[in-house]
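Here is the structure we will look at, set down as structure tokens.
Start at 1 with the first residue, then count along the sequence.
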Amino acid sequence: MTSQESQTCFFLPPNVNSNGMYVVDAKNGYWLNSSMPRFEIMAVFIVIVSQACHFLLQHFGFPMFLSHLIAGRTLAFILQDHPIMNAEDGIKVLSTIATLGYAACVFQIGVKVDLGMIGRAGKKAFCIGVFSVIVSVLCGLIAAKLLLKNDNEFHSSFFFLVLTTSSTSFPVVTSLLNDLKIANSELGRIGQSAALISDIISMVLVNGIITTKLKMEENSRGGFEFLGILLILLFVTIFIVRPAMNWIVRKTPKNGRVKDAYIYSIICLFLVSTSLNKWSPQFMIAPYIIGLGIPTGLPLGTVIAEKFDGLNSGLFMPLFVATCAMRKDLSNIHRLQGSQIVANSIVISLTLLAKFGASFAILVSAKFPKRDGCALALVMCAKGFVEMATVSFLYDNKVFSSDLLCLMSIVVVVVGSVTPVLVKILFDPSRRYTTYERRTIMNLSPNSNLQILTPIHLPNHVSAITNLLEASGASGEKPIGVHVLHLIKLSGQAAPVFISHDKQKADYSDNCPYSENVILSFTRFEANNWGSVSINIFTAISTPNLMYEDVCNLALDSSSSIIILPFHRRWYLDGSVESDDNSLRVLNQMVLDRAPCSVGILVDRGYKRRMTSMESSAELTQQNVAMVFLGGNDDREALVFAKRMAEDHNIKLTVARLISAKDTDISSWSRVLDTEALRDIKSDSNIRYVEHQANDGPDTAMIIRAMMKEFDLFIVGRAYNLECPQTAGLDEWVEYPELGIIGDMFVVAADFDEKFSVLVVQQHFTSTVKDSH
């Protein structure tokens, strides 16, 4: 053996398991000599350090990806001085499991990707997705050609450097938008569609061209062999896997559970696909393509994605990113000569600037706000774990040297860390809802069309909303337009979906089977109130914490004057509580804070006699409606809605004003407005006006308690910051602040057998004036 040769010894069979921490035997020796304990210690260390770092860094807007990298570099630093933990077999085990984990993550991404987004993408998204890649590749290659003249080997590295830098990863962009909570915004939807288109182009360039070139350099048959395997894989996915998955979907009963045998078969198919990486090592094309063959969403895609979700996000992804970081030695960057560092930096910078400039130019030409366009252009330049995998793949195939690997890793880390911070500074989604025009029912002209937006979560909400709309006083002279938004929790999909159901098409309910019952119910309601009610139906599939974006965006686009939200608590017929949906309560609170118009929360405890949309107006019994008036903006808004209802001859409206002898502030402007609002009520023979003396909170509680048995529907203002003698002391007992003091009292103080509904109204306030309510 010469002096330049080295020798490595392996024990066969390998020592995997130890006999315990306190057991030392002659065969296995110390417990850390076994590979499994070493792997477990490193895995636990990576997960704990990642979570600890993210707990600190998330407040500054840094992504989870950066925390995984820090954990990997920290572990690499520790292992330098620990020869047992740094043994070759232990690192191999960690790397192997991490690589398998990355394959599982890529497969899950494929399952979640909805290729229908490409067809739904608008012109802006399509142009950004195509030109951001093409322009950046051309600019990068031109810069490389100008910098290099005769150095072919260096030129080859630049070719791959440009392709890697210009790529856009859909999962990275989606993760970034979700972390910033802007996935449901207009910027988020354009960004995700553009990223998917760009990702497909990048995948063809990086996976196809690069891998084919590598194989053709090895032998003349290698490239054709890879292309043949890729075409066979596409054929099998399209004509065998996809039809088989659709057959499983058809065999699964509606709202039923997918059989375990089908799930295990798909998992086995995934494991088989990982073996095809012989023709594209470590880049996992096969699992991604097989994942695309599984239908997105319920019932199959959601189940498969959920099976992989916890293990991928909690273990596999941290391990893979950390092992990538462990392979990068920052000290290697000094090997690059000064001219090489300058040349690499120029090419990388020009490629990123071209990508940013192409995206920004398209958005500006489409009259997109410049600040938002700058943020979206930055999103298209985002880097993350996919780019880190690409860099590692190129290094393993000897395309990148260790020093170039180090430089590209620094670029991925810097761009991936800075991008979310800059986007967070530039883009504020709530700014879109800020308006200097008060969009309220009060500001409508007397005979104008009232636009109402009503989100629907459950079938129970449909009957409650239609009952309220039935009593809203709609007529041919004063019609109402209802925009129904069916909100569905996003599960098993990568990006949120917003669907506008076209009623001109006979099969428009088939576009989204989840909303079929909602569509049929409101279509029937519209038919029974033809000429006085128009219905537009939408479906939004989104994460619960971002549903408020869909609600506020649709309210803004539809010029709605009021959003009517269902209350989060539901009751059985006997009055006992059926369920409390905390996510729905959070949604209501978010909408109250950000809505671009007035908001109402409908509490449905059941009517004494239920109205149905199948009954004609003549068959409806008279409904007793009460409006409790204390004063303030919210109460005046509620009063206007109640007056509109009173125009229906089936509605008997009573306006009950609570007055107090202790209230001495009779000359305030708010009191003047209250008096003016009640002037028409007192002179209207169709409305019963009464006044009750309520000198303090207990008096008000007694009055409200006595009214509960008399009326079917109560309309009250939220009056969340109203201070008056009538509510003195009651604010300490409020259980649901989103309902205000009076609205909360109707919910908390009612007996089990009470049957009534409550509509709590909050008037829209502008960005410049927040009146006292």
Greater than 12 external heavy atoms within 6.0 Å of [X]'s [atom1]:
| X | atom1 | value |
| --- | --- | --- |
| R688 | CZ | no |
| K489 | NZ | no |
| K478 | NZ | yes |

Check your understanding: Can the positive tip of R657 be found less than 6.0 Å from the middle of the six-membered ring of Y689, inside 45° of the ring normal?
Key -> no
**Study point:** Residue pair R679, E676: steps toward the salt bridge (charged side-chain N to carboxylate O under 4.0 Å, His left out) verdict
**Key:** CA-CA 5 Å; R679 187 185 304 276; E676 184 64 26; 3.2 Å; yes
Check your understanding: With under 30° as parallel and over 60° as perpendicular, where do the rings of F714 and F756 fit, or are they tilted in between?
Key -> perpendicular
Between [X] and [Y]: side-chain donor-acceptor atoms closer than 3.5 Å:
| X | Y | answer |
| --- | --- | --- |
| N695 | Q693 | yes |
| S598 | E637 | yes |
| N582 | R585 | no |

Close side-chain approach of [X] and [Y], heavy atoms under 4.5 Å:
| X | Y | result |
| --- | --- | --- |
| T654 | V690 | yes |
| L453 | V482 | no |
| F641 | V761 | no |

**Study point:** Audit row: T539, H501, side chain to side chain donor-acceptor pair (under 3.5 Å) steps and yes/no
**Key:** CA-CA 8 Å; T539 296; H501 298 286; 2.6 Å; yes
